[in-house]
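Structure record follows, encoded as structure tokens.
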2 protein chains.
Amino acid sequence: MSELSAQERIKIAATKVFTLKGLEGARMQDIADEANINKAMLHYYFRNKKQLFEIIFEEKLHKIFGAMELLIFSKDAFENRIRAFVEKQISIVLEFPVMPIFVMLEVRKNPELLEGKFKNIPLDVIRDNFRKVIDAEVMSGNIRRISLEELLMNVMSLCIYPIIAEPILKYVLDLNQESYFELIEARKKSVSDLIINDLKILK
Amino acid sequence: MSELSAQERIKIAATKVFTLKGLEGARMQDIADEANINKAMLHYYFRNKKQLFEIIFEEKLHKIFGAMELLIFSKDAFENRIRAFVEKQISIVLEFPVMPIFVMLEVRKNPELLEGKFKNIPLDVIRDNFRKVIDAEVMSGNIRRISLEELLMNVMSLCIYPIIAEPILKYVLDLNQESYFELIEARKKSVSDLIINDLKILK
DNA sequence: ATTTAATTTAACCAAATGGTTAATGCAAAA
DNA sequence: TTTTGCATTAACCATTTGGTTAAATTAAAT
């Protein structure tokens with residue numbers, strides 16, 4: 001039935017259960033059932049619940065913030081970088097919509113979870129670099145003055161929220177799966193348009 | 001020490017624990033400790049964990065969507081209604097930032113949670129009404145054509161996400177509490193500006 | 001083929017957990 | 001003062017939970 005190794009199946013199962021139930025809410029037996037293996041195997045491949053959790057958590061964290069590098073390590077024009085980032089960000093979140101909710105909630109329970117988890121992603125470099133990019137655009141008169149903080153908050157919000165809030169939005173707006181999905185697909189363009197039009201308005 | 005009744009203290013404690021840990025992750029003993037009462041009191045005032053949870057959940061749900069009525073039951077001009085809604089929405093979420101995360105996650109675990117929980121908020125009326133408001137503005141040439149769905153997604157995203165993602169944003173953008181709070185306060189205006197400027201651009 | 005190592009399982013255990021109960025305190029009514 | 005009904009507590013119980021272990025099975029090395 002399954003081509004994957006026990007270890008891989010455990011990680012997939014653990015991701016499913018942890019993201020939905022959180023560290024304390026997840027049951028080792030549920031993870032074992034989901035992975036179709038004996039419960040003892042969980043402790044054979046991963047020392048205990050906490051360690052299994054942390055491995056999953058770190059993987060998901062990197063997935064979410066991996067897209068940020070697109071904003072920096074690209075030689076494209078500013079507008080196109082924004083468009084690429086928006087599209088990538090929406091696609092990533094669509095792949096696993098619970099991910100951001102999971103990360104936000106677990107970080108609130110245990111703030112130390114973030115410490116040292118961004119080794120591979122040089123946040124300070126990305127920040128400095130992107131501020132310079134924005135400044136250059138402002139100097140060239142291409143965009144209005146805006147802070148990195150405001151811009152990033154706007155883009156992340158518009159990309160992430162409509163996907164993580166899917167069940168609520170579908171209920172409130174009375175949408176079926178199909179029309180909801182069309183709306184999200186359309187956002188890959190409309191969010192970029194919104195952001196870029198906002199930047200072009202000179203105060 | 002506390003002026004509140006045992007029942008009130010339980011609800012406050014339960015809100016704190018449930019919103020952070022979820023239904024399965026929450027421990028009745030933790031709620032009792034947080035409320036400073038004997039564990040048996042929980043079952044004295046509320047039949048069981050599930051019932052206590054559902055009462056908390058419904059309350060929080062209404063708090064979040066209460067603001068939507070501002071968009072309808074106001075006689076203000078369109079632009080001002082948007083501004084009022086944005087300000088209200090941000091204030092509500094600031095009061096209890098875990099609330100939306102909690103609701104989004106629990107609804108994903110158990111979709112039936114939403115069923116029948118909007119008795120007091122006539123969603124269909126609000127939708128119809130607001131669509132008419134938008135149409136009227138479009139007809140008057142005040143705003144570009146936009147769907148209720150897109151507009152609501154944009155506004156909700158920009159208001160809610162930056163607050164629920166606080167710990168992550170502070171870490172990624174290297175912000176202290178003070179500068180983070182300033183940014184959010186500024187959004188009460190800047191989000192409205194962004195939305196309204198977008199609407200004024202005629203395609 | 002035999003030994004060795006890695007993988008998998010069922011049975012088990014101590015601790016934690018949701019929930020109950022019988023006894024106790026305690027204020028207002030009689 | 002006595003009684004009545006609500007509020008509160010400690011002790012208790014059955015079940016669940018994370019974790020262990022020793023035996024069994026399978027795969028790899030000799």
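Each chain gets a letter, A, B and so on, in the order the sequences are listed, and its residues count up from 1. Remember, predicted model here, so these are calculated numbers, not experimental data.
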Atom [atom1] of [X] with >12 non-hydrogen neighbours under 6.0 angstrom:
X	atom1	result
K170(B)	NZ	yes
K117(B)	NZ	yes
K88(A)	NZ	no

Take atom [atom1] of [X] and atom [atom2] of [N], then tell me their distance rounded to the nearest Å.
X	N	atom1	atom2	result
I31(B)	dG18(C)	CD1	P	8 Å
K49(B)	dT15(D)	NZ	C1'	14 Å
I37(A)	dT9(C)	CD1	P	8 Å
M28(A)	dA16(C)	CE	C1'	16 Å
Q29(A)	dT16(D)	CD	C1'	11 Å
D33(B)	dA10(D)	CG	P	12 Å
Q7(A)	dT8(C)	CD	P	10 Å
K50(A)	dG19(D)	NZ	P	11 Å

Got a sec? Which of residues 38-46 of chain B come in under 4.0 Å of DNA chain D, heavy atoms?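 The stretch gives N38(B), A40(B), M41(B), Y44(B), Y45(B) as the residues lying under 4.0 Å from the strand, ordered by number.
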May I ask you to check whether F53(B) and F102(B) place their ring centers less than 6.0 Å from one another?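 Between F53(B) and F102(B), the centre distance is under 6.0 Å.
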Selection from dG18(D), dG19(D), dG18(C) that lies nearest to any side-chain heavy atom of R27(B):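 Of the candidates, dG18(C) comes closest.
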Assess the side chains of N154(A) and S157(A): does a donor N or O sit below 3.5 Å from an acceptor N or O?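 No donor-acceptor contact under 3.5 Å links the two side chains.
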Just checking A32(B): base, sugar-phosphate only, or nothing, at a heavy-atom cut-off of under 4.0 Å?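 A32(B): no heavy atom of the nucleic acid under 4.0 Å.
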First locate atom CD1 of I164(A), then atom CG of L169(A), and finally report the distance between them rounded to the nearest 0.5 Å.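 Reported to 0.5 Å precision, the distance equals 9.5 Å.
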